[in-house]
Amino acid sequence: MKTPFLMGSLALGMWPALAQQQAVPADSVRTIVLQEVAVTTKSHSQQQHLQEFYQANRSATTEELIARMPEVSFIRRGSYGMEPTIRAYSPGQVSVMLDGMRLQGACTDKMDPATIYIEPLNLQGIEVQTAGAGSMQAAAIGGSLNMKLAEAELAGAPALSGSVSSGYQSAAQAVLEALRLNYATPTWGLRASGTYRKSQNYRNGKGEKVLYSPYEKANIALNAKYLLEEDLVLKADFIADEGWNIGFPALPMDVGEASARIGSVTLLRENESRRWSRLEARLYANRIAHAMDDSARPDLPVRMDMPGLSRTSGLYVEGSMAPAPNQQLTLRADASSSYLEASMTMYQPGQAPMYMLTWPNNRELQSGVAAQYTLQAGAKTQLQLNSRLQVSRFSVTSAAGRDQLSVFGYGQTRQQFVIPSVSVQASRVLYKKLKGTLSGSFNGRTPSASELYGFYLFSRFDGYDYIGNPALKPEQSLQGELTLSWQEPRLRVQLTGYASRVANYIVGAYEAELSAMTIGAHGVKVYQNEAYALLAGAEASAVYNITAYTQLVSTLRYGYGRSAGGDPLPMVAPLRSVSSLRRYFGDRLWVQGETEMAAAQHRTSARFQEKPTEAFMLWHLRAGYRLETEKKVWELNGGVENLFDAAYREHLDWGQVLRPGRNIFFQASMAF
C-alpha cells in the first residue's frame with residue numbers, strides 16, 4: 001500500500017514536468033502577492049503565477065496562506081497559533097519578521113508566533129527566503145519569513161475606495177467579517193482595515209467535536225502616507241490585534257487573552273536618478289501580552305495562570321545603489337531591544353499559591369550590519385553575495401531571575417554572541433530555457449530566551465519539563481543548495497535540492513538527577529549543544545497553462561533530518577504534494593479541483609516520544625464568480641475542503657489531534 005501511494009504522490013506532484021520533460025526558473029525569494037492591493041513583484045519572483053493557487057480560500061488566515069508554500073510547514077497545537085517552520089528547520093532556527101521589523105512572542109509554550117497577530121488584509125505580500133538568502137534582516141540558519149505590510153494609495157484627485165466581505169466555514173461554524181477603506185489624494189493617503197473572526201469547536205473527519213479548539217479575535221490596521229517631496233515619502237503604521245477564548249486541544253492549557261500593539265514610522269526615498277536609488281529608515285516598537293489559563297479544563301489537581309509579556313523596539317536603515325553597470329549593492333544596519341518576562345502561579349486546594357518565573361525577566365540587545373552584492377556577469381550569468389555580522393547581548397534583568405537560575409549552578413547569566421553569516425549564489429543559463437542556480441552559505445543563530453533561561457517549561461510533545469542553559473553556544477550551519485529550472489510561455493517548473501550540517505545543534509538532554517515539577521511529567525531535560533545534526537531535502541513546483549483557460553499548479557516537498565548519533569530528528573514532515581487544476585469560464589467564473597497528499601511518516605524520534613503518522617489523501621473543490629459594474633466589483637468564492645470527510649492529521653500536529661473534516665466555505669465581497 002505504501003509504494004503505490006508514494007508513486008502516485010510523486011506522479012501527481014510532478015506530472016506537468018514529466019508530461020513535457022521540462023522543469024520553473026530559479027528564485028531565491030518565493031513571494032505571495034495578495035490581491036487586496038495591486039503591486040508589481042520583483043523581476044526574479046515568478047511566484048506571481050501561483051497567486052491564485054495560494055489564495056484559493058479567501059477567508060483563510062495568514063497561517064493557512066503561508067502553509068501552501070512548498071518550503072513551509074506548521075506545527076499545529078490548535079486551530080490558532082500555529083508555528084511556521086521552513087523546510088526541516090525548527091521555529092527557533094527561522095526568522096519571522098514583519099516588514100523587516102522584529103516581533104517576539106510572549107508565550108513560553110510558543111502559542112503566539114508573530115503570524116497570528118497579522119491578518120491577510122494587513123498585508124501586501126509574504127516573502128520566504130531560504131538559508132543565507134534571508135541573512136539581510138536577521139541571523140538564522142533556516143531562512144526567513146517576511147510579511148510585507150500593505151500601504152495607502154495616492155491618487156491624482158481625492159478618492160475613496162475599499163471593500164467589505166463576509167465569510168463562513170462549516171467545520172467550525174466560523175465567521176469572518178472584514179472591511180478595508182482607502183482615502184487617496186495627490187499628496188497623502190490613509191488606509192484602514194478591520195477583521196473579525198470567531199470559530200467554534202470544529203468537527204473532525206470522524207464526526208466528533210474537537211474540544212478546546214475555538215477562538216475569537218479582532219484586528220485593526222492603519223497606514224498613513226504623506227508625500228514630502230516628489231521622491232520622498234513619510235509613512236506610519238499601526239496594528240492592534242486582540243484574541244480571546246483561544247483553545248489548544250493538544251495542550252493542557254488554553255489562552256484567555258492574547259493582544260499585540262505594533263507601530264512604526266518610516267522615511268522612504270526612491271529615485272533611480274540618484275546615486276542611492278532607494279533609501280529607507282524605519283523606527284518601530286511593539287508590545288505583546290499573552291495569558292495562558294486552564295479555567296475551562298475540568299478536574300485538574302492544580303490550576304495555573306501563566307501570563308507573559310514581550311516588548312521590542314528597534315530601527316533599521318537600508319539603502320540600494322548601482323556601483324557600476326550591471327551591479328547592485330544593498331546595505332543595511334539595524335538594532336533592536338527585546339524584553340521578555342513570564343511567570344506561573346499554581347493554585348492547589350488547601351495550600352498557598354506557588355509563584356515562579358518561567359521566563360526570568362531578560363533582555364536581548366541586538367545590532368547588525370548586512371550587505372548584498374549582485375553582479376550580472378554577461379547575459380547568462382548572475383552572481384550574488386550576501387553577508388551579515390550580528391552581535392547579540394542577553395542578560396537576566398531581575399535578582400529573582402538570577403536567584404532561580406543559580407539553583408542549577410548558573411552564576412553567569414550574561415551572554416554575548418557574535419554571529420557571522422555569508423552566502424554565495426551563482427545562476428547561469430545552461431541551455432536555452434534551462435537555468436541552474438548553485439549556492440553555499442555559512443550561517444548562525446543565537447539560542448532563544450527559552451533555551452537560555454527557561455525554568456521548568458513543560459512540553460506536551462514529549463512530556464518533559466525543560467530548563468534553559470545560559471552556557472549554550474550558538475548553532476552554526478553550513479548549507480549547499482542546487483536549483484534547476486525550466487521556463488517557457490506555457491510551462492514553468494523548478495526543482496531544488498539542499499543539504500545542511502548544523503554544528504552545536506541545540507537539543508534538550510535528559511537529566512536523571514533533576515525532579516520534574518509538572519504533575520505527570522516524565523522527567524527534566526536541560527538544553528545542551530550536540531556535535532551536529534544533518535538536514536536535507538528537496539522541493540518541486542510547476543505551473544502549466546494547458547490552454548488559455550486551464551491551468552495546473554503542483555508542489556512537492558520532502559525533508560530528512562538526523563542527529564550525530566544517527567537518530568531521526570523530530571518534527572520532520574514526510575513527502576507531501578498539492579496539485580490543483582483550475583478552469584476559467586470567460587472572465588467571470590472559475591472552478592478548481594485540488595488534491596492534497598502526504599506519505600506516512602514512520603521515521604520518528606524515539607528520544608522525543610514522537611508518534612508515527614499515516615498517509616492521507618484529501619480532495620477539495622473551489623469556485624469563484626466575479627461581476628464588475630461601473631463602480632463596484634462583486635465577488636463570491638466558495639467550495640468544499642476535505643470533500644470525502646477524511647480523518648487525518650499532519651505529522652507536525654501535536655497530541656494525535658485530528659484536523660477538520662468536511663468543510664463547506666464561502667465568502668462574499670464587494671469592492672468599490
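Scope of the values below: all heavy atoms of this structure, side chains included, with no hydrogens, waters or symmetry mates.
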Close side-chain approach of F608 to K525, heavy-atom, < 4.5 Å | yes

Is a side-chain donor-acceptor pair under 3.5 Å present for Y347 with R303?
-> no

Flag side-chain contact, heavy atom, 4.5 Å: S423 against S439 = no

Using 4.0 Å as the upper bound for N to carboxylate O, is an ion pair formed by E539 and R576?
-> no

Give a yes or no on whether the backbone of Y532 and the side-chain of E530 come within a donor-acceptor separation of less than 3.5 Å.
-> no

Looking only at non-hydrogen atoms, find the nearest pair between A138 and S95 and report the distance.
-> CB-OG, 3.3 Å

For P574 and A599, which heavy atoms make the closest approach, and how far apart are they?
-> CG-O, 3.2 Å

Please lay out, stage by stage, how T446 and L472 fare under the test side chain to side chain contact (heavy atoms under 4.5 Å, CB included).
-> CA-CA 9 Å; T446 64; L472 287 174; over 6 Å; no

Is the shortest heavy-atom distance from the side chain of M101 to the side chain of T266 under 4.5 Å?
-> no

Examine the side chains of S392 and E364 and answer whether a donor and an acceptor come within less than 3.5 Å of each other.
-> yes

Evaluate the side-chain proximity of V96 to P113: yes if any heavy-atom separation is below 4.5 Å, no if none is.
-> no

For side-chain hydrogen bond (donor to acceptor under 3.5 Å, both in side chains), just list the numbers for Q528 and E511, CA-CA rounded to whole Å, side-chain angles, deciding distance to a tenth of an Å, and then say yes or no.
-> CA-CA 11 Å; Q528 295 181 3; E511 295 286 347; 2.9 Å; yes

Given N245, T61, D241, the one that forms side chain to side chain donor-acceptor pair (under 3.5 Å) with K217 | D241

Under 4.0 Å between a Lys/Arg side-chain N and an Asp/Glu carboxylate O for D653 and R659?
-> yes

Look at the aromatic rings of Y284 and Y316 and report parallel, tilted or perpendicular, splitting at 30° and 60°.
-> tilted

Does one side chain, of S541 or T555, offer a donor that lies under 3.5 Å from an acceptor on the other?
-> no

Can you check whether Y117 reaches I239 side chain to side chain, under 4.5 Å on heavy atoms?
-> no

Side-chain donor-acceptor contact under 3.5 Å, T518 with D465 = yes

Look at E83 together with R77 and state whether they make a salt bridge at an N to O cut-off of under 4.0 Å.
-> yes

Short side-chain donor-acceptor distance under 3.5 Å, Y339 and T397 = no

Apply the test side-chain hydrogen bond (donor to acceptor under 3.5 Å, both in side chains) to residues S336 and R102: give CA-CA distance (whole Å), side-chain angles for both, the deciding distance (0.1 Å), then the verdict.
-> CA-CA 8 Å; S336 66; R102 299 189 74 194; 3.1 Å; yes

Which pair of non-hydrogen atoms, one from G468 and one from V526, has the smallest distance, and what is that distance?
-> O-CG1, 4.2 Å

S448: partners by side chain to side chain contact (heavy atoms under 4.5 Å, CB included), with sequence neighbours left out = S450, E451

What is the distance from atom CD of E71 to atom CD1 of I66, rounded to the nearest 0.5 Å?
-> 12.0 Å

From CG (D99) to CD (E127), nearest 0.5 Å | 9.0 Å

With a 4.5 Å limit on heavy-atom distance, are the side chains of D462 and H522 in contact?
-> no

Does some side-chain heavy atom of L123 sit less than 4.5 Å from a side-chain heavy atom of L149?
-> yes

With side chains defined as the heavy atoms from C-beta onward, is the minimum distance between M571 and S90 less than 4.5 Å?
-> no

Do the two ring centres, one from F461 and one from Y466, sit under 6.0 Å apart?
-> no

Any donor-acceptor pair under 3.5 Å from R557 side chain to M69 backbone | yes

Parallel, tilted or perpendicular: ring planes of Y510 versus Y464, cut at 30 and 60 degrees | perpendicular

Can you tell me how far CZ of R363 sits from CZ of R311, rounded to the nearest 0.5 angstrom?
-> 7.0 Å

Quick one: do the Q366 and D334 side chains pair a donor with an acceptor below 3.5 Å?
-> yes

Shortest non-hydrogen pair, S459 vs W654, comes out as OG-CH2, 3.9 Å

Side chains of S500 and S477: is there a donor and an acceptor less than 3.5 Å apart?
-> yes

Between E63 and R76, is there a salt bridge with N-O shorter than 4.0 Å?
-> no

